[in-house]
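Working notes for the structure below.
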2 protein chains.
Amino acid sequence: MVQMSSENAKQTLHAAGRKREILAAASRVFRRKGLHATGMRDIATELGMHVGNLYYYFRNKEELLAFCQEDALAGLRALVEAARTLDVGADQRLRYLIIGHIELLNEIMPGSLAHLEVEALSETWQPKIIKLRDDYEYAVRRIIVEGVETGVFRKVDPGTATLAILGALNWTVKWFRKDGEKTAAEIGSEFADLLVGGLTLSSESECQVH
Amino acid sequence: MVQMSSENAKQTLHAAGRKREILAAASRVFRRKGLHATGMRDIATELGMHVGNLYYYFRNKEELLAFCQEDALAGLRALVEAARTLDVGADQRLRYLIIGHIELLNEIMPGSLAHLEVEALSETWQPKIIKLRDDYEYAVRRIIVEGVETGVFRKVDPGTATLAILGALNWTVKWFRKDGEKTAAEIGSEFADLLVGGLTLSSESECQVH
DNA sequence: ATAGAATTTGAACAATGGTTCAAATGTCGT
DNA sequence: ACGACATTTGAACCATTGTTCAAATTCTAT
């Protein structure tokens, strides 16, 4: 209670590392078996530990889930931040984001698919996670708005476009396979061709409609 | 056991109607509370009946789920069939499909979001549902292939393009609201602008819209 | 009206899965 | 080596949930 300088810092560090291990393992099982099909016992087995021990690190299953989602969203947030600081046009910025998003979800942080299951959280965590998700969505939308304002993109509704793009990206976790014939970067590149291409007014006028 | 001409036909009809009611109610609750959060009791309550009664119509929860997914996929199948018989180019055909897909999932058969949860099914049903889903995917892909061959679309990988498009479409069930500011058709139209536009090698005219 | 079938009820069973906790074990500084 | 604290164990508890079934009720045809 008094000695909290170097000793407890070390412990906390160790515990924090262990927490990450657990989160990683949990994510792995989530991806393999599906979110609700995975029990606490499955996660424990994946780590070679006993069920009760998980509760030393997390209050309950929901907190475990929430941390998974928080992690994934933090990664996406960092990505979109990196995209915004690039010294390129909105189209290149969006392309960078698309590829990065797919890589992050499928290769770098596999299992972070948990972030699609916001409904699985109760009132305690949902607001916080939804806030993070909305922040990310908003950051993506700003890129599109920028593109429209600078005349790189057509005059689309940024909100709808954002949701269309993010839908395509998030859906990859449903079918992407590590041993598939294409890497995440390759898929990302093709997605970017399609989605950025759909936004770009390639030569001259197009799709004014309405 | 012998009298099965008109009497039993009537009964079967009634039972079949009841089955549909149950499926509709189940879909409704699935959409409201999430798939795994809904119990048999919730579905029964939604109908004002008792739990055990559900088992008079369905063997178990899984069969209920499987029928939901089968229904949704049958609707999509009919849609893509209609799209293929249209006497228009691949771009208009795809546009028609995109709008119809979003309308079907969000307005005509709300709750059919269950069709995104194939993992929730066991070995008994998964193969059958996956077959139907793959059939639909393949039909969509054929439209894209047609577009590429007729020179309406760029030379894209049809498989990847199909998954990108369907991902965007399916994801709508996560955010579409009936009381939102846009109808499903409007959203579909904007999606079509974006997605068909991304495929089209735009030289000049495009987007006839309906 | 009555038999026979279809449908609904009500309550219970069994298994799963999240959770708790006291005791055992390990770790680290002194 | 000792004591304090962190970590792990093992087993149990308890609520939820899918499921079953015999009895009660409703419906339909004769």
Side-chain angles (χ1 to χ4, degrees), chain A residues 1-23 25-26 29-30 33-68 114 117 120-122 124-125, chain B residues 1-23 25-26 29-30 33-68 114 117 120-122 124-125:
Chain A
M1 285 232 178
V2 187
Q3 60 281 43
M4 279 204 173
S5 46
S6 66
E7 177 215 46
N8 203 314
K10 221 180 284 182
Q11 296 294 350
T12 310
L13 222 54
H14 180 258
R18 204 70 216 253
K19 267 193 170 184
R20 298 216 151 192
E21 283 182 51
I22 295 175
L23 285 179
V29 191
F30 284 155
K33 305 192 56 172
L35 180 54
H36 27 296
T38 355
M40 289 283 120
R41 286 166 179 82
D42 296 315
I43 299 173
T45 306
E46 175 85 6
L47 288 154
M49 59 167 61
H50 286 60
V51 206
N53 198 14
L54 291 174
Y55 290 82
Y56 179 74
Y57 295 95
F58 301 94
R59 297 178 113 85
N60 46 36
K61 190 185 184 182
E62 195 192 350
E63 187 174 293
L64 188 62
L65 236 97
F67 282 174
C68 278
E117 317 258 6
L121 300 173
S122 77
T124 317
W125 285 96
Chain B
M1 286 234 177
V2 186
Q3 58 283 40
M4 280 204 173
S5 47
S6 68
E7 176 214 47
N8 203 314
K10 221 180 284 182
Q11 297 294 352
T12 310
L13 221 52
H14 180 258
R18 203 71 215 249
K19 267 192 170 185
R20 296 217 153 193
E21 284 181 51
I22 296 175
L23 285 180
V29 191
F30 284 156
K33 305 190 54 171
L35 179 54
H36 51 287
T38 10
M40 289 285 119
R41 285 164 181 83
D42 296 315
I43 300 173
T45 306
E46 175 85 6
L47 288 154
M49 59 166 60
H50 286 60
V51 205
N53 199 14
L54 290 174
Y55 290 84
Y56 179 74
Y57 296 95
F58 300 93
R59 298 178 114 84
N60 46 37
K61 189 184 184 182
E62 193 191 353
E63 187 175 293
L64 188 63
L65 236 97
F67 283 175
C68 278
E117 317 258 6
L121 300 173
S122 76
T124 317
W125 285 96

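Note on naming: letters A, B, ... go to the chains in the order of the sequence lines (proteins, then strands), and numbering restarts at 1 for each one.
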Within this structure, what is the [atom1]-to-[atom2] distance between [X] and [N], rounded to whole angstrom?
X	N	atom1	atom2	value
A/Y56	D/dT7	OH	P	4 Å
A/M40	C/dG18	CE	P	6 Å
B/K19	C/dA6	NZ	P	14 Å
A/K61	D/dC14	NZ	P	22 Å
B/Y55	D/dA23	OH	C1'	20 Å
A/N60	C/dG17	CG	C1'	14 Å
A/L54	D/dT8	CG	P	10 Å
A/L64	C/dG18	CG	P	10 Å

As an exercise, state the distance from [atom1] of [X] to [atom2] of [Y], rounded to the nearest 0.5 Å.
X	Y	atom1	atom2	answer
B/D42	B/L47	CG	CG	11.5 Å
B/I22	B/F67	CD1	CZ	11.5 Å
A/L121	A/K61	CG	NZ	11.0 Å

Touch class at under 4.0 angstrom, heavy-atom based, for B/F58 against every strand present: nothing

Please tabulate, one pair per line, each protein N/O and nucleotide N/O from nucleotides 10-16 of chain C that are separated by under 3.5 Å, including the distance.
residue	atom	partner	partner atom	Å
C/dG10	OP2	B/H50	NE2	2.6

A/A37 vs A/R59, nearer the 5' end of DNA chain C by closest nucleotide: A/A37

B/R18 vs C/dT8: side-chain N/O to OP1/OP2 distance below 4.0 Å: yes

Any B/I43 side-chain heavy atom under 4.5 Å of B/F30 side chain: yes

Closest contact, heavy atoms only, B/M40 versus B/L64: CE-CD2, 3.8 Å

Under 3.5 Å donor-acceptor pairs involving side-chain atoms of residues 48-59 of chain A, not counting sequence neighbours:
none

B/E62 side-chain N/O to B/S122 backbone N/O, donor-acceptor pair under 3.5 Å: yes

